[in-house]
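These numbers come from the heavy atoms of this one structure, side chains and all, not from hydrogens, waters or symmetry mates. Counting convention: from 1, in listed order, for ligands and their atoms alike.
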Amino acid sequence: MWGICRRTMVKVGMPKPCCLMKPCHLVKPVSVTRVSGRYLTHQRGLPGLPVPPLQQTCERYISALEPIVEAEELRHAKELVAEFQKAGGVGERLQRGLEARARSTENWLSEWWVQVAYLDYRLPVVVHSSPGLVLPRMNFSDKQGQIRFAAKLIAGVLDFKMMIDNETLPVEHMGGKPLCMNQYYEVLSSCRVPGLKRDSVVNHAKTSSPPRHIAVVHNLQFYALEVYHSDGRPLTADEFCVQLEKICRSSPHSDVEPVGILTTQHRDAWGRAYATLTQDETNRESVSVIQRSIFTLCLDGAAPPVADEGYRSSAAVQMLHGGGSRWNSANRWFDKTLQFIVGVDGTCGANYEHAPAEGPPIVALIDHVVEYTRKPETTPSPMMPLATPQKLLFNITPEIKKDIEKAQHAMNTLAQDLEMRVMVFGHFGKNVPKTHKMSPDAFIQMALQLAYYRMYQRCCATYESASQRAFRLGRTETIRSASSASAAFVKAFDDPGTQNTEKVDLLVKAVNAHRSYTTMAISGQAIDRHLLGLKMVAVEAELLIPDIYTDSTYAKALHYNLSTSQVPSKTDCVMCFGPIVPDGYGVCYNPMDDHINFAVSSFNACKDTDAARLARSVEEALLDMRTLLDQSPRAKL
Ligand code: COA
Ligand code: HC5
């Protein structure tokens with residue numbers, strides 16, 4: 001996504017023109033599903049995503065290139081940009097096209113974004129797109145504890161779902177501004193569906209008969225579990241316990257065919273395998289039940305044993321990809337938007353398919369669920385007789401068996417390739433930057449810049465997610481954390497010839513530059529989505545793609561060696577994702593008041609990257625930056 005495809009080494013994130021020439025009617029873009037009441041009134045009141053001025057984007061693009069490209073590349077890029085933006089040139093024409101689109105759509109970007117960033121992206125969703133989330137380890141260590149916790153978790157999700165269904169979810173705010181709430185309506189009852197060239201997402205929440213079941217997978221076997229009584233009341237946690245026990249009893253560990261592993265495949269391969277799998281009516285019906293479920297609950301088997309210090313990293317792996325076919329990778333349906341995962345040893349978390357929503361709504365839901373599970377248990381109510389959960393059957397032909405084997409092999413290679421290091425930075429959290437009157441996020445980003453520079457003696461294109469939910473149907477924009485100011489700071493930091501006061505000065509400037517880029521991004525005035533939009537206008541109008549896009553410097557600007565995201569949560573969670581380029585890192589962090597949870601990933605196939613080493617380097621950078629500030633009187637501004 002937004003980088004270089006690992007297998008084919010062609011640029012992805014910008015689809016080849018051919019796949020966008022003709023609109024594909026099979027694609028159901030993620031849409032607004034609520035069309036009534038409070039929700040709609042709120043949504044209507046939100047501003048539309050602006051189209052930034054062309055000249056502004058061109059200038060900011062050149063500034064963004066400065067710290068990450070060579071002088072000659074910069075000179076060439078400046079020439080191309082000048083040509084692009086000249087009066088009467090192609091840039092102006094594309095800008096007019098984009099402005100027209102902005103006038104006639106709810107959000108000029110959202111449909112394109114879902115297609116380009118997700119549905120056209122063909123690498124497996126596992127590791128390459130779907131994030132994992134690890135909850136604090138729960139207090140159970142056996143099957144009964146697993147079932148008990150899972151039962152409460154289901155009840156907690158349904159409690160949250162009630163707020164979605166009644167449209168009583170409180171509107172969120174950022175910097176005093178109300179946020180778009182659409183993503184909340186997209187995460188339950190939806191599923192990605194593989195296609196031969198492009199996927200789609202189907203949301204079943206707003207159909208005439210919205211789903212009343214969840215999918216449960218245990219020992220690689222799938223079940224449909226009805227979660228409402230006939231009068232519409234949700235089952236109680238005790239009732240869920242009874243139902244989950246039935247499922248576990250009827251699905252002993254045995255030699256079943258691990259169909260779930262198919263969802264870990266490269267999307268083209270899965271698209272083909274899906275066509276084969278769903279030729280059979282039983283299979284088609286079973287797949288449809290999973291797709292239509294409210295969410296998936298994965299009751300996992302054992303995970304590979306680890307020493308205590310490696311626990312969080314191995315839990316992150318369990319959430320991100322399941323550990324390979326020997327462990328839990330087939331105990332999933334990775335196309336499902338939301339999968340809760342509960343292990344036998346107290347390990348809990350989730351994996352989510354990214355197309356319909358960003359992390360924060362998922363995290364809000366999970367925070368609610370965790371709070372719910374912590375409530376004291378109510379006195380048991382009389383139980384109603386409950387129908388046995390329906391086992392979902394699959395007929396496995398030799399052809400499907402072959403697909404499964406291929407998927408197992410590829411998944412195991414991917415699992416071997418991914419290095420994941422969770423680091424709980426316990427020395428301080430948001431508190432320290434705040435006392436120094438600095439944005440904690442900008443401070444952490446500068447630590448990442450310093451950590452990377454110390455390892456590679458260069459700055460790299462860096463992606464940080466910024467929310468655009470201040471706009472109707474807004475998703476994200478890129479904060480380019482590598483700036484000229486950050487480069488000056490990291491170069492000076494270990495330079496013995498530079499005084500501490502000057503280093504502090506450079507840090508303050510770098511933090512401020514980051515903060516102002518963030519403001520630009522969240523107010524729709526940054527460059528990346530605008531540049532993408534202009535390119536998409538050219539693609540759709542079948543115009544020649546302007547040279548700025550085909551220039552190697554643009555590819556370099558999109559080659560994010562550092563792909564990062566801040567995802568805060570109330571619960572002390574660790575969120576994680578994979579790198580987006582073969583020689584890159586994925587860094588997700590959750591800053592709490594007095595500590596910061598980091599999950600750093602890299603690929604073992606790349607000999608230049610090492611997640612554990614970057615994690616250590618980040619730790620050192622954070623500590624060294626604090627020491628610098630503590631030692632310098634100028635820090636207490
Ligand atoms: N002095 C003292 N305190 C400061 C400060 C300063 N100069 N600047 C900021 N702070 C405080 C803030 O008031 C805030 O306080 P809180 O902890 O009480 O809320 C806190 O520090 C955090 O602010 P900051 O670190 O600047 O970050 P942010 O919360 O503004 O987040 C982004 C920045 C980019 C992460 C955020 O705008 C965003 O877009 N988040 C969504 C990202 C996303 O969607 N990720 C997932 C993608 S799937
Ligand atoms: C549960 C936390 C998930 C965070 C996922 C995230 O940050 O995704 C980014 C989405 C975006 O549009 O910026 C993409 N990224 C993983 C490549 C940073």
Side-chain angles (χ1 to χ4, degrees), residues 1-3 13 109-110 113-114 116-118 121 127-135 172-177 179 183 187 316 319-320 338 349-367 429-446 462-470 474-479 481 508 511-512 514-523 526 528-529 532 558 560 562-570 573-581 584-594 596-597 599 601 637:
M1 208 173 340
W2 314 284
L109 177 65
S110 53
W113 182 248
V114 171
V116 171
Y118 298 107
Y121 183 69
V127 173
H128 299 288
S129 178
S130 299
L133 181 148
V134 187
L135 289 174
E172 293 171 321
H173 290 77
M174 190 169 70
K177 289 191 180 142
L179 297 183
Q183 290 175 28
V187 295
M319 300 310 148
L320 195 65
L338 193 49
N351 180 283
Y352 86 89
E353 200 290 300
H354 213 320
E358 264 30 277
I362 306 275
V363 170
L365 187 154
I366 288 176
D367 276 337
K430 289 189 282 186
N431 51 358
V432 162
K434 281 187 189 178
T435 33
H436 291 286
K437 306 222 166 12
M438 288 181 185
S439 145
D441 186 65
F443 188 86
I444 295 166
Q445 284 290 330
M446 291 312 110
T462 307
Y463 180 109
E464 183 192 0
S465 306
S467 174
Q468 288 205 328
R469 284 177 55 211
R475 298 288 303 254
T476 59
E477 171 60 286
T478 311
I479 302 172
S481 309
V508 170
V511 161
N512 289 344
H514 190 80
R515 193 58 229 171
S516 67
Y517 204 116
T518 300
T519 307
M520 251 158 63
I522 61 182
S523 57
D528 280 274
R529 302 301 180 264
L532 171 67
L558 291 182
Y560 296 111
L562 280 176
S563 163
T564 78
S565 189
Q566 183 203 131
V567 191
S569 63
K570 284 195 218 154
C573 310
V574 178
M575 277 73 98
C576 58
F577 47 76
I580 55 174
V581 292
Y585 293 97
V587 182
C588 195
Y589 54 96
N590 179 4
M592 312 290 283
D593 285 336
D594 56 6
I596 310 168
N597 298 334
S601 61
L637 296 171

A.B. asks: Pick one of side chain, backbone, both or neither for how Tyr560 approaches ligand 2, counting any non-hydrogen atom pair under 4.0 Å.
C.D. replies: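 The answer is neither.
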A.B. asks: Could you tell me if the side chain of Leu532 sits less than 4.5 Å from the side chain of Trp113, heavy atoms only?
C.D. replies: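 SC-SC contact between Trp113 and Leu532 confirmed.
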A.B. asks: What about Thr476: any of its N or O atoms under 3.5 Å from an N or O on ligand 1?
C.D. replies: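 Between Thr476 and ligand 1 (N or O atoms, distance only) the closest approach is not under 3.5 Å.
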A.B. asks: Just jot down the side-chain hydrogen bond (donor to acceptor under 3.5 Å, both in side chains) partners of Asp441, sequence neighbours excluded, or say none.
C.D. replies: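 Listed in chain order: Gln566, Tyr589.
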A.B. asks: Would you name the heavy atoms of Val587 and Leu562 that are closest together and state the gap between them?
C.D. replies: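 Heavy-atom minimum between the residues: CG2-CD2, 4.3 Å.
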A.B. asks: Is Glu464 in contact with ligand 2, taking contact as a heavy-atom separation below 4.0 Å?
C.D. replies: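 So Glu464 does not count as touching ligand 2.
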A.B. asks: For the residue pair Tyr121 and His128, establish whether any side-chain heavy-atom pair is separated by less than 4.5 Å.
C.D. replies: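 Yes. Closest side-chain heavy atoms under 4.5 Å.
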A.B. asks: If hydrogens are left out, which of Cys588, Ala442, Ser565 has an atom nearest to atom 47 (C) of ligand 1, that is, the closest non-hydrogen atom?
C.D. replies: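 Shortest heavy-atom distance from atom 47 (C) of ligand 1: Ser565.
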A.B. asks: Run the numbers for me: atoms of ligand 2, each under 4.0 Å from some heavy atom of Thr476, listed by number.
C.D. replies: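 Matching atoms, with element in brackets: 11 (C), 12 (O), 13 (O).
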A.B. asks: Is there a protein heavy atom at a distance of less than 4.0 Å from atom 29 (O) of ligand 1?
C.D. replies: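 So atom 29 (O) of ligand 1 lacks protein heavy-atom neighbours under 4.0 Å.
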A.B. asks: Can you figure out which of Val363, Ile479, Thr435, Thr519 has its heavy atom closest to atom 34 (C) of ligand 1?
C.D. replies: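 The residue whose heavy atom sits nearest atom 34 (C) of ligand 1 is Ile479.
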A.B. asks: OH/Tyr585 to OG/Ser563 distance, rounded to the nearest 0.5 angstrom?
C.D. replies: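 Tyr585 OH to Ser563 OG: 13.5 Å, rounded to 0.5 Å.
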A.B. asks: Using a 4.0 Å cut-off to any heavy atom of His354, which atoms of ligand 1 qualify?
C.D. replies: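 Under 4.0 Å from His354, ligand 1 has these atoms: 48 (S).
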A.B. asks: Would you mind finding which of Ala466, Ser565, Cys573, Ala117 brings a heavy atom closest to atom 7 (O) of ligand 2?
C.D. replies: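 Going through Ala466, Ser565, Cys573, Ala117 one by one, Ser565 has the nearest heavy atom to atom 7 (O) of ligand 2.
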A.B. asks: Tell me which part of Asp593 gets within contact of ligand 1: side chain, backbone, both or neither, using heavy atoms under 4.0 Å.
C.D. replies: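 Neither; no heavy atom under 4.0 Å.
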A.B. asks: Does the residue His436 have a heavy-atom contact with ligand 1, meaning some pair of atoms that are separated by less than 4.0 Å?
C.D. replies: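 False for this residue.
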A.B. asks: Using a plain distance cutoff, I'd like to know if Glu358 has any nitrogen or oxygen under 3.5 Å from a nitrogen or oxygen of ligand 1.
C.D. replies: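 No: no nitrogen or oxygen of Glu358 is under 3.5 Å from one in ligand 1.
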A.B. asks: Please state which option from Pro440, Pro131, Gly359, Pro568 has its nearest heavy atom closest to atom 21 (O) of ligand 1.
C.D. replies: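 The residue whose heavy atom sits nearest atom 21 (O) of ligand 1 is Pro440.
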A.B. asks: Which atoms of ligand 1 sit under 4.0 Å from any heavy atom of Pro360?
C.D. replies: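 Within the 4.0 Å cut-off of Pro360, ligand 1 contributes 44 (O), 46 (C).
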A.B. asks: Considering only heavy atoms from C-beta outward, does the side chain of Arg469 approach that of Pro361 to under 4.5 Å?
C.D. replies: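 The answer is yes; the side chains approach within 4.5 Å.
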A.B. asks: Is there a heavy atom in Glu358 that sits closer than 4.0 Å to ligand 2?
C.D. replies: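 Yes, Glu358 has heavy atoms under 4.0 Å from ligand 2.
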A.B. asks: Checking side chain to side chain contact (heavy atoms under 4.5 Å, CB included) for the pair Gln445/Thr462: CA distance, chi angles, key distance, verdict?
C.D. replies: CA-CA 9 Å; Gln445 284 290 330; Thr462 307; 4.2 Å; yes
A.B. asks: Please indicate whether any nitrogen or oxygen in Ser465 is less than 3.5 Å from any nitrogen or oxygen in ligand 1.
C.D. replies: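 Looking only at distances, the answer is no, because the N/O contact criterion of under 3.5 Å is not met.
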A.B. asks: Which atoms form the tightest heavy-atom contact between Val187 and Ala357, and what is the distance?
C.D. replies: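 Minimum heavy-atom separation between Val187 and Ala357: CG1-CB, 3.4 Å.
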A.B. asks: Taking 4.0 angstrom as the limit and counting only heavy atoms of Ser439, give me the atoms of ligand 1 inside it, by number and element.
C.D. replies: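 In order of number, 5 (C), 6 (C), 7 (N), 8 (N), 9 (C), 24 (P), 25 (O), 26 (O).
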A.B. asks: CZ of Phe577 to CG of Asn351: how many Å apart, nearest 0.5 Å?
C.D. replies: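 Nearest 0.5 Å value for the CZ-CG distance: 13.5 Å.
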A.B. asks: I'd like to check whether Tyr463 has a polar contact with ligand 2, where a contact means an N/O of the residue lying under 3.5 Å from an N/O of the ligand.
C.D. replies: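 The answer is yes, given that Tyr463 and ligand 2 share an N or O pair closer than 3.5 Å.
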A.B. asks: If you have a sec, work out which protein heavy atom is nearest atom 27 (O) of ligand 1 and how many Å separate them, to one decimal?
C.D. replies: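 Protein heavy atom at minimum distance: Asp441 CB, 3.6 Å.
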A.B. asks: For atom 37 (O) of ligand 1, tell me which residue out of Ile522, Leu179, Ile362 has the closest non-hydrogen atom.
C.D. replies: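 Going through Ile522, Leu179, Ile362 one by one, Ile522 has the nearest heavy atom to atom 37 (O) of ligand 1.
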A.B. asks: So which protein heavy atom does atom 36 (C) of ligand 1 come closest to, and at what separation?
C.D. replies: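 Protein heavy atom with the smallest distance to atom 36 (C) of ligand 1: Met174 SD, 4.5 Å.
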A.B. asks: Test your reading of the structure: does Lys434 have an N or O sitting under 3.5 Å from an N or O of ligand 1?
C.D. replies: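 In this structure, Lys434 places an N or O atom under 3.5 Å from an N or O of ligand 1.
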A.B. asks: For the pair Leu558 and Tyr560, evaluate side chain to side chain contact (heavy atoms under 4.5 Å, CB included) and give the outcome as yes or no after the intermediate values.
C.D. replies: CA-CA 6 Å; Leu558 291 182; Tyr560 296 111; 3.7 Å; yes
A.B. asks: For Lys430, counting its heavy atoms only, list the atoms of ligand 1 lying under 4.0 Å from any of them.
C.D. replies: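 In order of number, 17 (O).
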A.B. asks: Given 3.5 Å as the limit, does a donor-acceptor pair link the side chain of Glu353 with the main chain of Ser130, or not?
C.D. replies: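 Here the side-chain-to-backbone pair does not exist.
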A.B. asks: Run the numbers for me: atoms of ligand 2, each under 4.0 Å from some heavy atom of Met575, listed by number.
C.D. replies: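 By the 4.0 Å cutoff, the relevant atoms are 1 (C), 2 (C).
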A.B. asks: If you scan the protein for heavy atoms around atom 12 (C) of ligand 1, do you find one that is closer than 4.0 Å?
C.D. replies: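 Given the 4.0 Å cut-off, atom 12 (C) of ligand 1 does not count as touching protein heavy atoms.
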A.B. asks: Do Met446 and Met438 make a side-chain contact, defined as non-hydrogen atoms from C-beta onward lying under 4.5 Å apart?
C.D. replies: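 A side-chain contact under 4.5 Å is absent here.
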A.B. asks: Taking all heavy atoms of Thr476 and all of Arg529, pick out the closest pair and write down the distance.
C.D. replies: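 Smallest interatomic distance, heavy atoms only, reads O-NE, 2.8 Å.
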A.B. asks: Can you find a non-hydrogen atom of Val567 under 4.0 Å from ligand 2?
C.D. replies: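 Yes; Val567 lies near enough to ligand 2 that a heavy-atom distance drops under 4.0 Å.
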A.B. asks: Looking only at non-hydrogen atoms, find the nearest pair between Ser481 and Glu464 and report the distance.
C.D. replies: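 Nearest heavy atoms, Ser481 then Glu464: OG-CB, 3.8 Å.
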A.B. asks: Counting from 1, what ligand 1 atoms have a heavy atom of Ser467 closer than 4.0 Å?
C.D. replies: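 Ligand 1 atoms under the 4.0 Å threshold to Ser467: 38 (C), 39 (O), 41 (C).
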A.B. asks: Between Ser465 and ligand 2, is there a nitrogen or oxygen pair with a distance under 3.5 Å?
C.D. replies: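 N/O-N/O distance below 3.5 Å exists for this pair.
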A.B. asks: Using distance alone, decide if ligand 1 has a nitrogen or oxygen within less than 3.5 Å of any nitrogen or oxygen in Tyr352.
C.D. replies: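 In this structure, Tyr352 places no N or O atom under 3.5 Å from an N or O of ligand 1.
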A.B. asks: Which of the atoms in ligand 2, numbered in the order shown and given with their element, are less than 4.0 Å from a heavy-atom of Pro131?
C.D. replies: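 Near Pro131, the atoms of ligand 2 are 3 (C), 5 (C).
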A.B. asks: Run the numbers for me: atoms of ligand 1, each under 4.0 Å from some heavy atom of Lys437, listed by number.
C.D. replies: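 Going through ligand 1 atom by atom, the ones under 4.0 Å from Lys437 are 1 (N), 6 (C), 7 (N).
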A.B. asks: Quick check: do Ser569 and Ile366 have side-chain heavy atoms less than 4.5 Å from each other?
C.D. replies: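 They are not in side-chain contact.
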A.B. asks: Can you pull the salt bridge (charged side-chain N to carboxylate O under 4.0 Å, His left out) pairs that have at least one residue in residues 357-367, sequence neighbours excluded?
C.D. replies: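 Checked against salt bridge (charged side-chain N to carboxylate O under 4.0 Å, His left out) - neighbours excluded - the pairs reaching residues 357-367 are Glu358-Arg475.
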A.B. asks: Which pair of heavy atoms, one from Ser467 and one from Ile522, lies closest together, and at what distance?
C.D. replies: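 Result for this residue pair: O-CG2, 3.3 Å.
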A.B. asks: So is there a nitrogen or oxygen of Trp113 less than 3.5 Å from a nitrogen or oxygen in ligand 2?
C.D. replies: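 Among all N and O atoms of Trp113, none is under 3.5 Å from an N or O of ligand 2.
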A.B. asks: What's the separation between atom NZ in Lys430 and atom OG1 in Thr435, rounded to the nearest 0.5 Å?
C.D. replies: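 Result: 13.5 Å between the selected atoms.
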A.B. asks: Is any side-chain heavy atom of Leu338 less than 4.5 Å from a side-chain heavy atom of Leu365?
C.D. replies: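 Sidechains of Leu365 and Leu338: in contact.
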A.B. asks: Identify the heavy atoms of Asn590 and Cys573 that sit nearest to each other, and give their distance.
C.D. replies: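 Distance-wise, the nearest heavy atoms are ND2-O, 2.9 Å.
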A.B. asks: I'd like to check which ligand 2 atoms, numbered from 1 as shown, lie under 4.0 Å from a non-hydrogen atom of His354.
C.D. replies: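 Matching atoms, with element in brackets: 5 (C), 6 (C), 8 (O), 9 (C), 10 (C).
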A.B. asks: If you measure every N or O of Thr518 against every N or O of ligand 1, does any of those distances drop under 3.5 Å?
C.D. replies: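 By distance alone, the answer is no.
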A.B. asks: Kindly state if atom 44 (O) of ligand 1 has a protein heavy atom within a strict 4.0 Å cut-off, that is, under 4.0 Å?
C.D. replies: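 True for atom 44 (O) of ligand 1.
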A.B. asks: Could you name the option among Gln566, Arg469, Arg475 that has the heavy atom nearest to atom 31 (O) of ligand 1?
C.D. replies: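 Result: the heavy atom closest to atom 31 (O) of ligand 1 is in Gln566.
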A.B. asks: Geometry only, no angles: is Ala466 polar-contacting ligand 1 at N/O separations under 3.5 Å?
C.D. replies: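 In fact, backbone or side chain, Ala466 has no N or O that close.
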